[in-house]
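Ligands are counted one by one from 1 in listed order, and the atoms in each one are counted from 1 as well.
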Amino acid sequence: MVARGIILYIEDDPGSQRLVQRILESHGYKVLLADGGLSGIELARRERPHLILMDINLPDMNGREITTRLRGSSGFEEIPIVALTANISPGSRERALAAGCDGFLTKPISVATFPTQVESYLKGRREELGEKQKIQHLEQHAREIVERLEYKIYELEAANERLRELDRVKSNFIVLVSHELRTPLTLLEGYMHLLNGYILDKVSISYPKELLELLDGLSKGVNRISRVINEIIHVSRIASGTLELSLGPVQLSIMMRNMVRDLDETLSARGLHVALERLEHLPFIEGDGSQLGVAIGNVIENAIKFTPDGGEIFVTGRLMDNAVDLVIRDTGIGIPTEEQRRIFDPFHVLGAIDYHSTSKSAYQGGGLGLGLPMARGIIEAHHGRIWVESVGRDDSTRPGSTFHLLLPIRQPNT
Ligand code: ADP
């Protein structure tokens, strides 16, 4: 059966919802329900109802605010919006009409007359205020909106403060756990070292191959845990501003050549090629070579991880006024534009973490989401800047990503 019309009822009380729905449906209307302002506005925009029944006291926005919002949306200038409320305090009808309602019905509704009332609004009935009354109530409506806005800003500020506090608690917890793990891990590393040394010393003994393989596996595992924990501690130092730089002259061309040489095995295993272009002409920059190595290394590692086998990575340098712009471009999957700022936030990784693997080189291998925050922290400690350009992410067309690392040639006050 074709409905006589679609009616959206914005109301948070289930009892009222049920009653109105039952009455109107028995008269052939299709009734949509929303129990809040935001969901109501969304439903209205999506379903384009023929009439909207609006409760006034709602949990998020009040009915007057929702009406004003809808009246400002294209396509809702003429749709009848009728207040349906138990609030019959003086002025509530006038304020509802001033806010943009076309009618004002009060609860409890009468089963006998309600459908006729609804039909009359559908057929064009409009209640209007005199000009003077309208201005007066519009002013009050505007004041109420501003007051509510002010209150909401306070609420948001308090919620933000709470979030910052939770963030601090989370960061402290992570750092504390990392430090706690560091102690037993140092012991483990020590024993691994002793064990390896012991086996190497006893060249005359031929140990079973399986035993040596087990030992090798154990060693790799311990190294990996150690690397993860060091990363966390490193990022927390950067975040707390306690990272100390040991400044000296840094030649980026040599640093990059050594880095690529050290990655040779990984690159060949993945069939990747890193092209170093126009780095020789760059001047020495002032910086902490080992920290900068970590920062640039993290960006290169990502380029490796997010470029499929056989791809290319280009590293070039441009001399700017007082800085060097090191540009690392890959031919990988790219990064969604909406994520391009957030990837520099700690622990921000894209995609489902269910498929997480902490591989430094496997295609799309995951990590802790600390590589780029670490790079940003180190570069900012050098008074530089890091950003990414990418047209978006596409696993099949692979638009690639281009990271810019802008590093001042000289550090201030030195
Ligand atoms: P991780 O240390 O886990 O690799 P990062 O902080 O280095 O984390 O990077 C955060 C996220 O940014 C990665 O999980 C990845 O989704 C995205 N990303 C970083 N670099 C690239 C890149 N070159 N290409 C595509 N995505 C990238």
Side-chain angles (χ1 to χ4, degrees), residues 167 170-171 174-175 178 223-239 243 256 259-260 263 266-267 270 272-276 291-316 325-381 385-405:
D167 191 48
K170 178 211 72 187
S171 303
I174 292 170
V175 172
S178 307
N223 285 341
R224 192 181 258 196
I225 302 176
S226 171
R227 203 174 56 209
V228 168
I229 289 181
N230 285 338
E231 267 185 22
I232 296 177
I233 294 176
H234 197 165
V235 165
S236 75
R237 283 214 184 103
I238 293 171
L243 179 74
M256 293 314 304
M259 202 178 282
V260 174
L263 285 166
T266 307
L267 293 171
R270 298 267 328 274
L272 293 167
H273 178 245
V274 179
L276 302 180
Q291 297 289 348
L292 284 176
V294 172
I296 300 170
N298 287 351
V299 178
I300 295 275
E301 259 168 22
N302 281 340
I304 293 174
K305 277 198 301 193
F306 296 100
T307 301
D309 295 5
E312 288 260 11
I313 295 160
F314 302 91
V315 184
T316 53
D325 182 17
L326 188 71
V327 185
I328 299 169
R329 178 166 72 84
D330 63 52
T331 49
I333 57 175
I335 302 173
T337 41
E338 66 278 11
E339 298 283 355
Q340 288 174 16
R341 286 172 78 90
R342 287 198 290 167
I343 53 171
F344 295 98
D345 292 340
F347 303 110
H348 188 79
V349 290
L350 312 189
I353 56 168
D354 315 21
Y355 303 107
H356 200 81
S357 77
T358 40
S359 170
K360 287 281 175 196
S361 58
Y363 181 46
Q364 300 204 38
L368 274 183
L370 290 180
L372 291 178
M374 206 188 282
R376 181 176 73 176
I378 293 171
I379 289 166
E380 287 180 354
R385 234 158 42 81
I386 178 171
W387 71 95
V388 66
E389 288 164 5
S390 173
V391 292
R393 174 171 174 157
D394 192 322
D395 289 43
S396 50
T397 60
R398 297 182 206 119
S401 308
T402 304
F403 282 81
H404 289 261
L405 286 67

Would you say E339 contacts ligand 1, with heavy atoms under 4.0 Å as the rule? no

- Task: In sequence, state the C-alpha distance, the side-chain angles, and the governing distance for R398 and T307, and then conclude on side-chain contact (heavy atoms from CB on, under 4.5 Å).
- Result: CA-CA 8 Å; R398 297 182 206 119; T307 301; over 6 Å; no

Closest non-hydrogen contact found for L292 with I378 is N-CG2, 4.1 Å

So is G332 in contact with ligand 1, going by heavy-atom distances below 4.0 Å? no

Any heavy atom of L370 under 4.0 Å from ligand 1? The part involved is backbone

(message) So for ligand 1, is G371 a polar contact partner (N or O within less than 3.5 Å, distance only)?
(response) yes

Scanning both residues in full, the closest heavy-atom pair of I333 with P399 reads O-CD, 3.5 Å

Within the 4.0 Å heavy-atom cut-off, what F344 brings close to ligand 1 is neither

Of all heavy-atom pairs linking R270 and K305, the shortest is NH1-CA, 4.4 Å

Honestly, for T307 the part within reach of ligand 1 (heavy atoms, under 4.0 Å) is neither

* Asked: Backbone N or O of S401 within a donor-acceptor pair of the D330 side chain at under 3.5 Å?
  -> yes

Test item: Q340 side-chain N/O and S390 main-chain N/O as donor-acceptor pair under 3.5 Å = yes

Note: K305, heavy atoms under 4.0 Å from ligand 1, region reported as side chain

* Taking N or O atoms only and a 3.5 Å limit, does L372 qualify as a polar contact for ligand 1? -> yes

Main chain of I233, side chain of S178: is a donor-acceptor contact present, judged purely on distance under 3.5 Å?
no

Near G334 (heavy-atom distance under 4.0 Å), the atoms of ligand 1 are 25 (C)

